[in-house]
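Basis for what follows: all heavy atoms, side chains included, without hydrogens, waters or symmetry-related copies.
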Amino acid sequence: MERNQAEQARILAQLESVEARYEELSIRITLPEVIADTQLFAKLMREHSELAELNEIARNCRALAAQIDEANELLQDPDMADMAREELERLEPQLREALHAARVAMLPKDPDDRKNAVLEVRAGAGGDEAGLFGAELLRMYQHYADRQGWKWELIEDGSTELGGIKESVALISGKNVFEKLKFESGVHRVQRVPVTESSGRIHTSTATVAVLPEAEDVELEINPADLRIDTYRASGAGGQHVNRTDSAVRITHIPTGLVVTSQDQRSQIQNREKAMRVLKSRLYDMEREKQEGEYADRRRLQVGTGDRSERIRTYNFPQGRVTDHRIGLTLYRLNDVLEGDLDEIITALTLAEQAALMEKQQ
């Protein structure tokens with residue numbers, strides 16, 4: 001009991017600091033000298049916006065705590081004791097729930113969560129069936145992006161003649177895209193009877209998914225001398241030309257050997273811009289992987305390792321089920337999931353990460 005009260009007092013004290021900081025920011029962003037400093041103004045506005053939700057939680061917690069204090073005082077009055085006990089039975093669960101929400105909101109944030117994401121899907125083991133499954137995963141994420149109101153841009157179309165893919169890359173833009181999709185990196189496995197299988201045996205194949213936060217220009221500078229840029233004629237599956245000009249772009253980052261192509265747009269300039277965005281994101285992700293310290297510790301706390309070689313999910317067609325192996329979640333809604341209904345899975349993975357972080361803080 002005493003431990004719970006001490007923990008409650010600690011969180012309330014932290015929330016008091018949050019309210020004070022939010023009030024300070026509310027005043028500073030109105031000052032002429034701050035508005036005139038574009039960089040500072042943008043930084044303070046971002047912090048102000050990020051604290052808005054937590055500030056509301058803090059105000060609610062403070063109000064509930066004050067009402068509980070008043071009810072405890074009324075317990076000393078025999079005429080008011082019964083009513084005070086009823087109030088406490090109502091208010092105390094509300095405060096516990098609000099404090100839990102505050103703890104979640106105050107967990108350390110991945111600085112990349114608010115960013116757009118580069119999604120890469122590649123056929124894995126299983127021949128043509130792996131490519132067909134990769135194409136289904138790509139469509140699944142496109143449907144999910146549509147549900148979220150995000151913008152979907154196909155950068156690299158690796159379609160095959162059979163309707164599968166070898167490797168496809170998309171840029172997804174919107175609010176907190178990386179936060180929602182970051183748990184999707186890894187090996188996705190499918191179990192079903194392939195269209196190409198005449199004997200009707202269940203076949204297992206895989207596709208790999210990588211989700212990278214899009215690098216912002218202020219975070220990464222690339223020396224133009226480190227780039228080799230080639231142009232060529234864009235083509236579709238099987239080599240069929242889709243236009244008559246050399247609009248497709250291939251960019252090679254010489255120091256790392258990374259190669260990015262873009263041929264989705266008819267304009268060479270647009271394809272070059274998209275390819276550069278993907279290249280920057282891959283270089284940023286490589287640098288991020290090297291980082292040590294607190295951020296690396298947080299990555300290890302995430303559900304699974306985030307390693308692209310880790311099998312994270314199985315899609316079993318005969319039983320109509322999807323299983324996420326990291327948290328033991330099984331849903332018998334395979335068709336819904338493939339149509340982009342990923343909310344239940346992504347919410348469960350997010351809650352699991354939050355639980356791991358809170359356990360570490362205790």
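- With values rounded to the nearest 0.5 angstrom, Asp324 atom CG is found 10.5 Å from Ile346 atom CD1.
- Grouped with Ile254 in a hydrophobic cluster is no other residue, since no side-chain heavy-atom contact under 4.5 Å to another Ile, Leu, Val, Met, Phe, Trp or Tyr is found.
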Identify all side-chain donor-acceptor contacts of residues 164-181 below 3.5 Å with residues at least two apart in sequence or on another chain.
| from | atom 1 | to | atom 2 | distance (Å) |
| --- | --- | --- | --- | --- |
| Glu167 | OE2 | Arg122 | NE | 3.4 |
| Glu167 | OE2 | Arg122 | NH2 | 3.3 |
| Ser168 | OG | Gly158 | N | 3.0 |

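- Looking at heavy atoms from C-beta onward, Glu214 lies out of side-chain contact with Lys280 at the 4.5 angstrom threshold.
- By the 4.5 Å side-chain criterion applied to Ile, Leu, Val, Met, Phe, Trp and Tyr, Leu74 is assigned to a cluster that also includes Met80, Met83.
- To the nearest 0.5 angstrom, Arg250 atom CZ is 5.5 Å from Asp230 atom CG.
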Which pairs would a plain distance check flag for residues 13-21, meaning a side-chain donor or acceptor within less than 3.5 Å of a matching protein atom at least two apart in sequence or in another chain?
| from | atom 1 | to | atom 2 | distance (Å) |
| --- | --- | --- | --- | --- |
| Gln14 | OE1 | Arg10 | NH1 | 3.4 |
| Ser17 | OG | Ala13 | O | 3.4 |
| Glu19 | OE1 | Arg62 | NE | 3.4 |
| Glu19 | OE1 | Arg62 | NH2 | 2.7 |
| Glu19 | OE2 | Arg62 | NE | 2.9 |
| Arg21 | NE | Glu47 | OE2 | 2.9 |
| Arg21 | NH1 | Glu24 | OE1 | 3.2 |
| Arg21 | NH1 | Glu24 | OE2 | 3.1 |
| Arg21 | NH2 | Glu47 | OE1 | 2.9 |
| Arg21 | NH2 | Glu47 | OE2 | 3.4 |

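- Val259 and Ile222 are members of different hydrophobic clusters when ILVMFWY side chains are connected at heavy-atom separations under 4.5 Å.
- Leu88 places a side-chain heavy atom less than 4.5 Å from the side chain of Asn72.
- When only modelled atom types and interatomic distance are considered, Asp157 and Ser159 share a side-chain donor-acceptor pair under 3.5 Å.
- Shown here are the ring-ring contact (aromatic ring centres under 6.0 Å, His included) partners of His48, two or more places apart in sequence or in another chain: Tyr22.
- Under the 3.5 Å distance criterion, with hydrogens and angles disregarded, a donor-acceptor pair is assigned to the side chains of Tyr141 and Glu184.
- Within the structure, the side chain to side chain donor-acceptor pair (under 3.5 Å) test picks out the following pairs touching residues 77-88 (sequence neighbours left out): Asp82-Arg85, Glu87-Arg90.
- Counting heavy atoms of neighbouring residues, nucleotides and ligands inside a 6.0 Å radius, atom CD of Gln319 exceeds 12 of them.
- Of the residues Arg333, His143, Met140, the one that meets the side-chain contact (heavy atoms from CB on, under 4.5 Å) test with Asp341 is Arg333.
- Under the 30°/60° scheme for interplanar angles, the aromatic rings of Trp150 and Tyr144 are found to stand perpendicular.
- Residues Ile327 and Leu351 fall into different hydrophobic clusters, defined by Ile, Leu, Val, Met, Phe, Trp and Tyr side chains chained together at heavy-atom separations under 4.5 Å.
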